[in-house]
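Letters A, B, ... are given to chains in the order of the sequence lines, protein chains preceding strands, and every chain is numbered from 1.
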Amino acid sequence: MNAPRMVGFVLGGLVAVAALLAPLVLSGSQLTIYVLLGTAAMVTVGVSLLMGYAGQVSLGQAAFYAIGGYTAGLMGVHGLPTVAGLVCAPLVAGLLAALVGIPIMRLRGHYLAFATLAFQLILLSVVGQLEVLGGDIGLQGIPRLGIGSAQLSNTQSYAWLTWAATALVLLIARNVITSRAGRGLRALATSEIAAESSGVPVARYKLAVFALSAAFAGLAGGIYAFFLGYIAPGSFPVLLSFEFVVMAVVGGLGTIWGPVVGAAVITVLVQVLNSLGTEPGMPPYASSVFSYAVYALLLVLTLLFLPRGLLPTATEWVRRALRGREPPAAGDRPAAAVPTGDASGSPAR
Amino acid sequence: MSAFLTYLITGLALGCSFALVASGFVAIHRVTGVVNFAQGTFAVVAGLMAGSLLGRGLPHGLAEILAILLAGAVGLVVGVIAIGKRGTPPLASLVITLGLGILAYAVEIIIWGDQPISFQMVPGSVDIAGAPILRQYLVVIAVALVTFAGLGLFFGRSYLGKALTACASNPYAARLAGINVMRMGLLAFALGGLLGGLAGVLVTPLQPVAFDSDVALATNGFAAAIFGGLNRPGLALVGGLVLGVAEAFVAGYLSGSYQTEVALALMLAIMIWRASRRVSVAEEPA
Amino acid sequence: MLEVTDLVVRYGRATALDGVSLELAPGEMVALVGPNGAGKSTLVDTLSGIVAPAAGRVVLRGRLAQVPEGRQLFAELSVADNLALGAWRSGRGRAGRDPARVFEVLPDLRPLAGRLAGTLSGGEQQMVAVGRALMADPDILAVDELSLGLAPRVVADLARHLRELNAERDTTVLLIEQNARLAFDLCRRAYVLESGRITASGPCVQLAESPQVARAYFGGTTEGAGDPVPGGARDP
């Protein structure tokens with residue numbers, strides 16, 4: 001193991017341990033942010049895989065977050081074991097994604113972006129009209145997660161649950177990335193045609209990543225539902241989907257830790273500005289203006305100036321500092337923030 | 001019968017407004033290969049601006065024109081950021097325009113607040129074959145038809161229009177011919193801004209506009225635009241009309257709450273149908 | 001007419017052209033031959049101002065128009081529009097865009113004027129590409145892979161047109177070819193470009209006899225002439 005990798009492992013380990021211990025010292029509202037950050041990171045890992053590895057942008061990832069939430073919530077309010085709800089949340093989300101994905105994953109680039117957005121808008125509208133799901137008012141009184149009489153009652157326990165789920169998601173993502181299929185997928189993000197001609201089953205891989213990313217979102221949605229005890233169509237606005245894309249792009253696509261960094265940076269920044277925006281003397285719209293501006297500026301500036309995202313860029317700096325100014329090895333290059341695709345219109349020369 | 005006629009004309013007008021938003025998508029995509037997610041933003045900016053200018057006592061006509069020009073300027077700015085940096089791939093440009101759309105939320109809320117606004121342009125209604133039709137609908141239809149005729153002439157007949165088309169058709173050859181592809185792209189963004197602004201100014205009297213109305217406007221416009229593969233203004237008009245009439249009939253005869261689903265489902269169906277027709281084709285033109 | 005001195009072009013870390021020098025006198029018809037990936041297209045793109053050189057000098061007296069490899073037509077536009085756009089740089093007056101002067105040289109284009117460029121055959125497309133370049137009223141015509149993917153009969157016809165242009169209108173021609181047989185047939189002088197360097201140059205008669213060139217280019221596997229690659233424009 002070379003020095004930079006070692007540093008990476010140690011850093012990753014430290015972050016994991018610090019995150020595990022953090023719930024002991026955080027206050028109530030900080031713990032809530034901790035849980036929301038964790039769920040955002042889980043969804044973002046999926047978005048990042050999808051964008052960085054399958055070369056596809058999903059603008060409707062919050063739909064699967066919602067599906068997970070509603071699956072868990074519905075099973076909960078009907079008295080089914082909550083643990084079963086938590087297990088079913090990612091399964092249902094993944095399964096639905098696989099079904100929806102069969103037709104729509106054949107679309108490319110901007111068509112898929114709009115298709116996923118349309119899917120979410122349709123889903124929200126349908127959910128808002130279904131009595132079983134509580135319509136626009138939503139599902140209320142979702143029980144706490146627990147087995148038998150043992151319940152996760154305090155925020156701290158949800159923080160640890162989130163930690164464990166995030167760790168699971170990261171482990172799965174790591175296995176996918178380092179597997180043979182993962183290498184095929186990387187080829188896919190750079191050039192679909194090249195990947196196809198070298199024998200990578202492009203369509204099946206894309207569908208699999210889509211379903212997996214939806215499952216991650218579903219798991220996060222399940223935790224969210226049990227944690228808050230209340231969900232409604234309004235909990236999953238289109239803007240939430242955009243936020244996941246922002247987090248993925250800012251953190252760095254196609255990396256394992258990038259989404260976590262992206263989710264953390266943005267969640268914390270938005271929280272800080274939020275408290276600033278609710279200071280006395282601030283106009284009532286200040287906090288929403290701040291959060292829109294943060295999402296937008298981080299997204300645009302990252303795409304223009306750090307197209308690989310925060311984490312890979314920072315890693316590169318560290319690497320250079322450790323090795324002197326030696327150029328990076330050719331194989332190390334992480335995927336660009338948004339896959340260049342073959343759609344640039346420039347002739348192959 | 002008169003209900004049918006009302007729905008039909010309402011649908012046609014609705015469709016024309018979708019088509020106007022679509023025309024902006026087409027103008028930008030046809031030249032740059034970029035799908036501009038901020039297309040709805042242009043309409044929102046123009047609608048809000050026209051509202052506040054009219055509120056300050058500017059006369060009709062002037063207020064609308066200033067608002068449309070503002071939208072054109074916003075279009076140019078979006079273009080500079082989205083494609084001004086050489087080597088930005090189209091999909092990155094799409095995500096950048098998405099980001100700029102969100103940034104516009106912040107700016108719009110600061111300037112105009114977060115409540116929807118509306119204004120009257122041509123009040124009242126007329127009777128057509130016994131069906132009461134809002135005059136504003138007729139204005140929308142007339143302006144849309146004139147605009148599309150103009151666009152058709154511009155892209156189909158004028159030298160500049162052909163040079164713009166050449167940029168997306170083959171950017172490399174366009175550069176060889178001495179066409180400044182970047183400048184043409186920015187011109188297209190400005191044009192897209194003007195067209196979006198026109199749509200916004202016409203729609204606001206029918207349907208109050210708030211900072212976050214852009215997503216609905218953009219998805220409907222995109223749905224209309226894909227009828228023509230994002231490149232053909234004429235087909236985008238047809239797409240808009242089909243979509244508008246379908247929505248109006250669903251809202252009239254079934255329920256208003258299914259309106260969105262119909263439009264979105266239609267859009268998905270068209271995209272999937274188009275994709276299935278080119279299984280062996282390597283890439284959609286960018 | 002054209003003088004290139006020690007030209008270096010890099011794409012990122014890769015060097016595409018490494019100290020290329022060549023010279024064209026007015027009215028000359030010169031060939032540039034070399035295998036795939038030698039840097040031929042990079043060289044023309046640099047002459048056209050599309051690619052910026054890292055070092056070296058290009059002195060161009062007059063206007064250069066390029067007939068790019070693979071025709072590169074505007075597939076969605078008509079032949080007449082393709083031709084008209086060729087005149088974009090030189091002047092936008094109505095007279096400047098009138099393709100009549102190209103129809104005089106390439107009369108076969110006249111009946112095609114209303115057709116969409118993407119629907120033409122490979123040979124027809126190549127002729128449109130030549131016509132579009134001529135619309136710029138060039139002093140130098142750089143033709144990149146004239147023969148690629150075309151039937152020998154079509155290539156012969158196009159070659160005849162080029163020879164006429166050169167002989168009757170005094171247009172200087174730089175012919176970039178993989179098909180060395182064709183290039184040596186048409187031109188009196190040639191350069192050989194390999195891996196970004198000029199490895200040989202001189203009169204075609206001598207070059208054709210040099211064992212190195214003979215082995216590389218006349219060894220029986222001359223690409224291009226009968227190549228079955230369909231001659232479509234860029235994928236629409």
Side-chain angles (χ1 to χ4, degrees), chain A residues 51 55 57 59 103-104 106-115 117-119 121-122 125-126 128-129 192-193 237-239 242-243 245-246 249 283-285 288-305 307 336-347 349, chain B residues 29 32-35 37 81-82 85 87-96 98-107 109-110 113-114 167-173 211-212 215-216 218-219 222-223 226 230 257-258 260-261 263-265 267-268 271-272 274-276 279 282-286:
Chain A
M51 286 177 83
V57 182
L59 294 181
I104 73 170
R106 296 170 64 176
L107 306 172
R108 286 162 213 268
H110 40 255
Y111 288 97
L112 185 79
F114 269 91
L117 175 65
F119 171 68
L121 289 170
I122 293 175
S125 176
V126 168
Q129 289 169 46
E192 209 163 284
I193 295 160
V238 170
L239 199 67
F242 299 173
E243 286 170 26
V245 172
V246 177
V249 169
Y285 53 72
S288 57
V289 166
F290 282 153
S291 52
Y292 292 142
V294 165
Y295 290 130
L297 291 175
L298 278 178
L299 180 64
V300 173
L301 294 177
T302 305
L303 277 171
L304 286 179
F305 302 109
V338 167
T340 43
D342 304 300
S344 63
S346 56
R349 296 193 61 77
Chain B
H29 184 267
T32 64
V34 172
V35 172
F37 207 88
I81 299 171
K85 192 159 179 265
T88 312
L91 213 50
S93 295
L94 171 109
V95 182
I96 290 175
L98 171 73
L100 293 173
I102 302 175
L103 186 62
Y105 282 4
V107 178
I109 293 175
I110 293 172
D114 53 6
C167 288
S169 169
N170 191 329
Y172 169 70
F211 72 96
D212 58 355
V215 173
T219 37
F222 184 81
I226 54 167
L230 291 172
S257 42
Y258 295 125
T260 341
E261 285 96 321
L264 295 169
M267 167 174 131
L268 281 177
M271 286 200 289
I272 291 163
R274 282 182 62 92
S276 67
V279 182
E283 269 298 331
E284 187 68 6

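- Annotation: the span from Phe211(B) atom CZ to Ser288(A) atom OG amounts to 6.5 Å, rounded to 0.5 Å.
- For the options Ala265(B), Gly99(B), Ala218(B), heavy-atom pairs under 4.5 Å to chain A are most numerous at Gly99(B).
- Only the side chain of Leu239(A) comes within less than 4.5 Å of a heavy atom in chain B; its backbone stays farther off.
- With contacts defined as side-chain heavy-atom distances shorter than 4.5 Å, the pair Tyr292(A)/Ile109(B) qualifies.
- When each of Leu230(B), Val215(B), Thr88(B) is checked for heavy-atom pairs under 4.5 Å with chain A, Leu230(B) comes out on top.
- Remark: Met267(B) CE to Phe114(A) CZ distance equals 6.5 Å, nearest 0.5 Å.
- Heavy atoms of Val126(A) lying under 4.5 Å from chain B belong to its backbone as well as its side chain.
- Checked against the 6.0 Å centroid threshold, Phe242(A) and Tyr105(B) do not count as a close aromatic pair.
- Looking at Leu59(A), only its side chain comes within 4.5 Å of chain B, counting heavy atoms on both sides.
- Interface check for chain B: of the options Val238(A), Leu121(A), Ile104(A), the most heavy-atom pairs under 4.5 Å are formed by Leu121(A).
- Taken to the nearest 0.5 Å, the CG atom of Leu103(B) stands 11.0 Å off from the CG atom of Leu298(A).
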- [ ] Would you please test Leu117(A) and Phe37(B) for side chain to side chain contact (heavy atoms under 4.5 Å, CB included) and show each step?
- [x] CA-CA 12 Å; Leu117(A) 175 65; Phe37(B) 207 88; 3.5 Å; yes

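- Between Ala92(B) and Leu303(A), the closest heavy-atom pair is O-CD1, 3.9 Å.
- Side-chain contact between Phe119(A) and Leu264(B): absent, with no pair of heavy atoms (C-beta onward) separated by less than 4.5 Å.
- For Leu304(A) against Lys85(B), the heavy-atom pair with the smallest separation is O-NZ, 2.7 Å.
- Here the side chains of Tyr111(A) and Leu268(B) are not in contact, with every heavy-atom distance at 4.5 Å or above.
- Residue Leu94(B) touches chain A through its side chain alone, counting heavy-atom pairs closer than 4.5 Å.
- Residues Glu261(B) and Gln129(A) meet the side-chain proximity criterion, which asks for heavy atoms closer than 4.5 Å.
- Contact of Ile226(B) with chain A is made through the side chain alone, with heavy-atom distances under 4.5 Å.
- Of the listed residues (Pro284(A), Ala293(A), Ser125(A)), the one with the most heavy-atom contacts under 4.5 Å to chain B is Ser125(A).
- The minimum heavy-atom distance linking Val300(A) with Ile96(B) is given by the pair CG2-O, 3.9 Å.
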